[in-house]
Amino acid sequence: MVTTLFPTNLFEEFDRLQRELDRLWSGWPAAIREVALDTVYPAINIGRTPEAVEVYAFVPGVDPAKLEVTLEQGVLTIAGERSSPIPENDQVTVYANERFAGKFRRTISLSEDLDPDKVEATYRDGVLRLRIARKAHLQPRRIEIK
Amino acid sequence: MAETNVTTRPGTNVTAQEAQRVPTAVPRVDIIEDQTSITLWADLPGVSRDSLEIKVEGDTLTIEGNVSLPVSEGMEPIYAEIRAPRYARSFTLSRDLDTAGIQAKLNQGVLELRIPKHQQAQPKRITVQAG
C-alpha cells in the first residue's frame, strides 16, 4: 500500500496546486500570522485519501522523541524546539544564519471527521508523517446492489 | 511548464537546463568559521543519504539532494509549502580550504559539512619565551 518510490507526480501536483492558490490569492492581503510563509518552521504538506488525511511536517534537526504532537477536535498541533549549532562565543565568524532556531508551534485545522485514536506517526530523514484515519462511519462506502 | 520555480540567491548556481527539468529549492544554511575550519549546516528534510550528492569541482562545492516521501496509494495533495522535490546550492571555496579533508554527516535531515583549512593557513601562536 505504501510506496517509498520518489513521488514525482505528487510533487508536480503540489506545485500545480500552489500555483493555483498563488494566482487566486495574489494581491490579497495575507493573514498577519502567515505573511512570512518562507520562514515558517516546520513547513507542512497535506494530502488526503478516502480513508485518511496525511500530514507531512518538515522538521529537520529535531529529535522525534521531543516533538509534541496533539490532535483535538480536528485541530492538529506540532510543537518543539530546535537549537542553533552556532556557538555563542567570539571565537567564530558567522557567515550565514538562515536556519530556524528556537521554539516552534504550528496549529492546523483539519476536518473534524478524523479519529484521534487512529494516528500513525513515522519519522524519517527529518520528515514527520502523520496518517490520521477518518472516523469509520464517515468514510465513503460503496453500496452493494444485490 | 513554461515557468520555472527556482529561487536563486547569491551563492546559488543552478543552470537553466537543470532548473527546467526539476523544480529546485535552495536549502537554508548556517555557516561558521573558526581557527581550523569552516562548518556548514544545511536543512535537507526528506533527503536520504543515498540521494545526497556533495561535489567539489574546481573551487565550487555543490550540495544536491532529492526529496522522497512515503506516500499512500491514491493520495491527493491538498496543501503544500514544500513544493520542490529537489534541493541544490553551490558555494565558492577559497584556496586556503582543504577540499580533500571535507567531512560530511547527515542526521535527521540536516547535513553537517566540515571543511578544514590547510595547515599553513591555520593561525600559529608564537610563544614568547622569557629572557
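Quick note on labels: first sequence line is chain A, next is B, and so on, each numbered from 1. Quick caveat, the model's predicted, so the values are computed rather than measured.
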Hey, quick one: are B:Leu111 and A:Phe58 part of the same hydrophobic cluster, counting side-chain heavy atoms closer than 4.5 Å, chains of contacts allowed? yes

Within a 6.0 Å radius of atom CD on B:Gln35, are there more than 12 heavy atoms belonging to other residues, nucleotides or ligands? no

How many angstroms lie between CE in B:Met75 and OG1 in A:Thr49, if you round to the nearest 0.5 Å? 8.5 Å

Is A:Pro42 in contact with chain B via its backbone, its side chain, both, or neither, using a 4.5 Å heavy-atom distance? backbone

Distance check, rounded to the nearest 0.5 Å: B:Gln108 atom CD versus A:Asp125 atom CG? 10.0 Å

Would you say B:Ile115 and B:Ile63 are hydrophobically clustered, going by side-chain heavy atoms of ILVMFWY under 4.5 Å? yes

Can you tell me if B:Asp30 uses its side chain to pair, donor with acceptor, with the backbone of A:Glu98 under 3.5 Å? yes

Toward chain B, the part of A:Val55 with a non-hydrogen atom under 4.5 Å: neither

With a sphere of 6.0 Å drawn around CZ of B:Arg114, does it hold more than 12 non-hydrogen atoms of other residues, nucleotides or ligands? yes

Inter-residue atom distance B:Ile82.CD1 - A:Tyr56.OH, 0.5 Å rounding: 13.5 Å

Where on B:Leu44 is there a heavy atom nearer than 4.5 Å to chain A: the side chain, the backbone, both, or neither? backbone

Got a second to check how far B:Arg28's CZ is from A:Asn97's CG, nearest 0.5 Å? 10.5 Å

Which answer fits B:Val29, side chain, backbone, both or neither, if we ask what part of it has an atom under 4.5 Å from a heavy atom of chain A? both

Among A:Pro85, A:Pro64, A:Ser84, A:Ala43, who wins on heavy-atom pairs under 4.5 Å with chain B? A:Pro85

Tell me whether A:Ile78 is reachable from B:Ile78 by hopping between hydrophobic residues (I, L, V, M, F, W, Y) whose side-chain heavy atoms are closer than 4.5 Å. yes

Roughly how far apart are B:Tyr79 OH and A:Asn45 CG, rounded to 0.5 Å? 8.5 Å

Contact between B:Ser68 and A:Arg124 at the side-chain level, heavy atoms closer than 4.5 Å - yes or no? yes

Strictly distance-based, threshold 3.5 Å: is any side-chain N or O of A:Arg129 a donor or acceptor partner for the main-chain N or O of B:Leu69? no

Let's test your reading of the structure: which of A:Pro60, A:Ala101, A:Gly61 forms the most heavy-atom pairs below 4.5 Å with chain B? A:Pro60

Please tell me whether B:Val110 and A:Phe104 are part of a single hydrophobic cluster in this structure, the criterion being side-chain heavy atoms less than 4.5 Å apart. no

Do you know which of B:Asp43, B:Ile32, B:Asp34 has the most heavy-atom pairs under 4.5 Å to chain A? B:Asp43

What about A:Ile46 and A:Leu67, same hydrophobic cluster or not, with Ile/Leu/Val/Met/Phe/Trp/Tyr joined at side-chain heavy-atom distances under 4.5 Å? yes

Top contributor to chain B interface from A:Glu54, A:Arg48, A:Gln91 [non-hydrogen pairs under 4.5 Å]: A:Arg48

Can you measure from CD (A:Glu51) to OG (B:Ser72) and round to the nearest 0.5 angstrom? 8.5 Å

